[in-house]
Amino acid sequence: MKIATYNVNGIRSRLPNLLEWLEREAPDIACLQELKAVDEGFPIGAINDAGYGALWAGQASWNGVAILAKGVDPVESRRGLPGDAKDTQSRYLEAMAHGILVGCLYLPNGNPWPGPKFEYKLAWFERFLRHAQRLLDSGQPVVLAGDYNVVPTDEDIYDPTHWRRDALLQPESRDAYARLLAQGWVDALRKRHPDERIYTFWDYFRQHWPRDRGLRIDHVLLAPPLAGRLKDANVDRWVRDQPKASDHAPTWVELSASAPKRTVAKKAPAKKAAPKKAPAKKAASRRSRTEA
DNA sequence: ATGTCATTGAGGCAATGA
């Protein structure tokens, strides 16, 4: 089960890139952000033809999110974050697909900092924290995937020097993200790669992609019921190298199949006592990453 | 401030957001 998030930066101009990625990587669920298209402009025909069902929340010019599911129509559970009836920006969509409850988010960028856009970012984040806690409390297998517009630590950027006054690195942004993780969510990319520099976004300026000067701002968070199923997580960097690429690359997790229902019957006696695999699985023997 | 790209509204480019 592969679940991905991809900020397409304009789904109409990016449709060829999106379709090629869907064909090559075949995610079971894909969360998209920055559609930059009204509902009527969403290319549902091409996406259906690619073998995906979809839900989307469009908006003129900016924002816009969508959830794609391979072979099925995702079942919508929420459209928009609760907590502010006046917020009309299309930044959150939630649906059930393939046995996973997936929240697709496009957290406000917040630049320029300081200012009202940054205040909006923090307010949105607080609403998101409240909703995330409720999802966690529900005990469901939830994935929260999207463009969080937060560089969690200085290990998540090529060089923070020029970004100190950017909304993506502000202590308030990082603190909100840290509080989200403290609720119990697992940052899947970081869990799988504790000590690597991993980027998901390279801006269009100053040849940042060819020089691999990136930021990690697209995140896939797993609720505890899914944490034990994490097999792998990574970034489809090749997508960023395509002609007319988005400034983001798809970021994904691979989950093992859900555990078979446990019955009362004991498992069949093992023919040979299989050597216990070293309990390195969740030993968390290396535990050194801290905030700078 | 700058860099680049997508979008829009008007126009043959400038403003805006990221």
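Computation of the quantities below employed the complete heavy-atom set of this structure, encompassing side-chain atoms and omitting hydrogens, waters and symmetry-equivalent molecules.
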| query | Which atoms form the tightest heavy-atom contact between A:Asp247 and A:Tyr204, and what is the distance? | reply | N-OH, 3.1 Å
| field | Contact list for DNA chain B against residues 56-64 of chain A - heavy-atom distance below 4.0 Å | value | A:Ser61, A:Trp62
Side-chain N or O of [X] less than 4.0 angstrom from OP1 or OP2 on [N]?
X	N	result
A:Arg14	B:dA6	yes
A:Arg12	B:dT8	yes
A:Lys117	B:dG17	yes

| request: Please confirm whether any donor atom in the side chain of A:Arg206 sits under 3.5 Å from an acceptor in the base of B:dT2, or the reverse. | output: yes
Interatomic distance, [X] [atom1] vs [N] [atom2] [rounded to whole Å]:
X	N	atom1	atom2	result
A:Asp166	B:dG17	CG	P	15 Å
A:Arg91	B:dA18	CZ	P	7 Å
A:Asn111	B:dA18	CG	P	8 Å
A:Leu15	B:dA6	CG	P	14 Å
A:Glu34	B:dT7	CD	P	10 Å
A:Asp203	B:dA6	CG	P	14 Å
A:His248	B:dG17	NE2	C1'	12 Å
A:Arg164	B:dA1	CZ	P	20 Å

| said: Please determine whether side-chain hydrogen bond (donor to acceptor under 3.5 Å, both in side chains) holds for the pair A:Lys121 and A:Asn109, giving the CA-CA distance in whole Å, both sets of side-chain angles, and the decisive distance to 0.1 Å. | reply: CA-CA 7 Å; A:Lys121 174 181 197 158; A:Asn109 174 293; 5.8 Å; no
Between [N] and [M], how far apart are the two [atom1] atoms, rounded to whole Å?
N	M	atom1	value
B:dA15	B:dA10	P	15 Å
B:dT16	B:dG11	P	15 Å
B:dT8	B:dG3	P	24 Å
B:dA1	B:dA6	P	24 Å

| request: Carefully, step by step, assess A:Tyr199 and A:Trp209 under the rule side-chain hydrogen bond (donor to acceptor under 3.5 Å, both in side chains). | output: CA-CA 10 Å; A:Tyr199 308 135; A:Trp209 165 247; over 6 Å; no
| message | Tell me if a side-chain donor or acceptor on A:Trp56 pairs with a main-chain N or O of A:Asp39 at a distance below 3.5 Å. | response | yes
| task | Decide whether A:Lys117 and A:Asn111 meet the rule of one side-chain donor and one side-chain acceptor closer than 3.5 Å. | result | no
| query | Are A:His248 and A:Asp218 linked by a side-chain donor-acceptor pair shorter than 3.5 Å? | reply | yes
| query | Out of A:Arg174, A:Arg197, A:Arg216, which residue meets the salt bridge (Lys or Arg N to Asp or Glu O under 4.0 Å) rule with A:Asp156? | reply | A:Arg216
| remark: Between the NZ atom in A:Lys2 and the CG atom in A:Leu255, the distance rounded to the nearest 0.5 Å is 12.0 Å
| task | Classify the angle between the aromatic ring planes of A:Tyr177 and A:His219 as parallel (below 30°), tilted (30 to 60°) or perpendicular (above 60°). | result | tilted
| field | Residue met sooner reading DNA chain B from 5', once A:Gln207 and A:Pro108 are mapped to nucleotides | value | A:Gln207
| said: I want to confirm an ordering. Mapping A:Asn7 and A:Leu35 to their closest nucleotides on DNA chain B, which one lands closer to the 5' end? | reply: A:Leu35
| task | Assign A:Phe201 to base, sugar-phosphate, or nothing according to its heavy-atom contacts below 4.0 angstrom with the strands shown. | result | nothing
So which protein nitrogen or oxygen atoms get under 3.5 Å of nucleotides 11-14 of chain B's nitrogens or oxygens?
none

| query | Please walk me through it: do A:Trp238 and A:Glu25 pass side-chain hydrogen bond (donor to acceptor under 3.5 Å, both in side chains)? | reply | CA-CA 11 Å; A:Trp238 67 266; A:Glu25 304 294 346; 2.7 Å; yes
| query | Among B:dA18, B:dC5, B:dT7, which nucleotide sits nearest the side chain of A:Tyr204? | reply | B:dC5
